[in-house]
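The analysis underlying the following values was restricted to heavy atoms, covering all of them including side chains, and did not include hydrogens, waters or symmetry mates. Every number for a ligand or one of its atoms is a count from 1 in the order of the listing.
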Amino acid sequence: MVTYDLNLGWIADEEAGESMAKAFDNLVYERQKGVAGYFDLPKSSKAIVAEVKEYAASNEAVRDCDSVVVIGIGGSSLGAKAVDTMLRHKYPDAKSLLFLENPDPVDLQTKLSLIDKRKSIFLVISKSGTTVETMSIFKALIAYLGIDLEGEDKERIVAITDEGSALYRFADHHGMKTYTIAHNVGGRFSVLSSVGIVPLTIAGYDTGSLLCGAAGMVDRFFDAKEDHLLLKAAFIAANWHRYRMNVLFAYGAFLEDFTKWYVQLWGESLGKIDRCGNRVGPTPLGHIGSVDQHSFLQLVVQGPRDKSVTFVKVEDFENSLKIPDIRLEYIQKCDYVNGHTFNELINAECDATKESLRNEGVPVDSVILDRIDESNIGELILYYELLTSLVGSMLHINTYDQPGVEKGKRILVEKFKKSR
Ligand code: PA5
């Protein structure tokens, strides 16, 4: 179960009310007209889960591998990585997932040295099929692991991409297994498409339950049973000039990659030029409690009053590790937590920080998971995707494109051409 505590100290006026109604209608339109395809993934991807299970059972290389190597970047890796990090501790027998994302030579070489080709399968994931980081890393794998594209090694390679893309044609040419991505599902909204579902299912995660949790959120939202989403979106859209940053303060180390996914989802979706030519967009920041209470929090409390904070809290870590009831000479000051669980400590820290920020007048809200499980994670993903679409609609921008990042890509090509 996921609950939402939305007490931002803000009351929606008539204008915000109209904006909420329009944004809701706009999402209904986007869904009906297929402007964005992610709304339907929780149901349509169930077929992918079934197909992947069948494929994994019948293909020796996949069935017997220990490691699933994902080659992808941005929306093609962050979602699966976030789910993997959140669930890993519950799946001691899952195949390992190794993400090759960054063309950092030191990191890449270290990771390449960890791969045993005979025990791995390689998922090359790129919606466009031509992302230079992904394709360069794929080439490095082929060359340094001695992958024979004409021989049986190709059984170990799966391409996940748009139908007809350059990567699709490459895979088809070599007779490799492919999964496609619907044209209207953008990278950062694609975690519940083949992009996330294939690696997570092969690794052994219960992706059926992940999709169920997500489907429940979509159904309830369009049945007008999750209206808190509209209010939160309206708050962000109406106040982003004042509260220019939204800090996702997530309490739990296993939420770190989720905060990165959130930053990408918001950053690429909401930082845009609106229909009147204005530059708009709230800045997403990801922080982890309680460690970042000892770093970033000071800035929130006493720095410029330009941030809102969303706490993500997991009530039950399903872990009973305790702070031992030990007295250490001179350090008795810390004994007040003796005998309590670390679960109690981290959550009390979350509550205390939230209360202190609220007392300071910082707008705060919470997303509370009763525990980490597949269904709750599915709901959380949809919660953020729907929120992003609503804010985008209220800001009068195209949430689903990213023209800003294309400019740098063009300059990169020019630089390499000049250096030839
Ligand atoms: O969300 C997006 O569209 C981007 O972040 C892409 O996912 C990223 O640029 C990778 O693109 P591709 O999947 O085409 O390799």
Next on the checklist: With heavy-atom distances below 4.0 Å as the criterion, list the atoms of ligand 1 near T131.
Outcome noted: 11 (O), 12 (P), 14 (O), 15 (O)
Item to check | Stepwise side-chain contact (heavy atoms from CB on, under 4.5 Å) test for V83 and I381 | outcome: CA-CA 9 Å; V83 175; I381 288 169; 4.0 Å; yes
Next on the checklist: If the test is ring-ring contact (aromatic ring centres under 6.0 Å, His included), which one of F254, Y251, F342 qualifies with F317?
Outcome noted: F254
Item to check | Numbering as shown, the atoms of ligand 1 that approach G187 to under 4.0 Å (heavy-atom distance) | outcome: 1 (O), 2 (C), 3 (O), 7 (O)
Checklist entry - Considering only the protein, which heavy-atom contact is closest to atom 8 (C) of ligand 1, and what is its distance? => result I73 O, 3.7 Å
Next on the checklist: Using the ring centroid of each side chain, check whether F138 and F122 are separated by less than 6.0 Å.
Outcome noted: no
Item to check | Closest protein heavy atom to atom 2 (C) of ligand 1, given as residue, atom name and distance to 0.1 Å | outcome: E268 OE1, 3.1 Å
Checklist entry - Which residue from E133, K409, E101 reaches closest to atom 9 (O) of ligand 1 through any of its heavy atoms? => result K409
Next on the checklist: So if I count the atoms of ligand 1 from 1 in the order they appear, which ones are less than 4.0 Å from some heavy atom of R188?
Outcome noted: 1 (O), 2 (C), 3 (O)
Checklist entry - Is there at least one pair of N or O atoms, one from G75 and one from ligand 1, spaced under 3.5 Å apart? => result yes
Item to check | Residue list, ring-ring contact (aromatic ring centres under 6.0 Å, His included) with Y91, at least two apart or on another chain | outcome: Y205
Checklist entry - Does K43 have any side-chain hydrogen bond (donor to acceptor under 3.5 Å, both in side chains) partners at least two apart in sequence or in another chain, and if so, which? => result D219
Item to check | Contact atoms of ligand 1, heavy-atom distance to S76 under 4.0 Å | outcome: 7 (O), 12 (P), 13 (O)
Checklist entry - What distance separates Q32 CD from L27 CG, expressed to the nearest 0.5 Å? => result 11.0 Å
Item to check | Interatomic spacing from CD1 in I115 to NZ in K119 - rounded to 0.5 Å | outcome: 14.5 Å
Checklist entry - Can you find an N or O of K127 that's nearer than 3.5 Å to an N or O of ligand 1? => result yes
Checklist entry - Is Q264 near ligand 1, meaning one of its heavy atoms is under 4.0 Å from it? => result yes
Checklist entry - F222 and F39: aromatic ring centres closer than 6.0 Å? => result yes
Item to check | Atoms in ligand 1 with a heavy atom of Q402 nearer than 4.0 Å | outcome: 3 (O)
Next on the checklist: Is there a polar contact, in the sense of an N or O pair closer than 3.5 Å, between S126 and ligand 1?
Outcome noted: yes
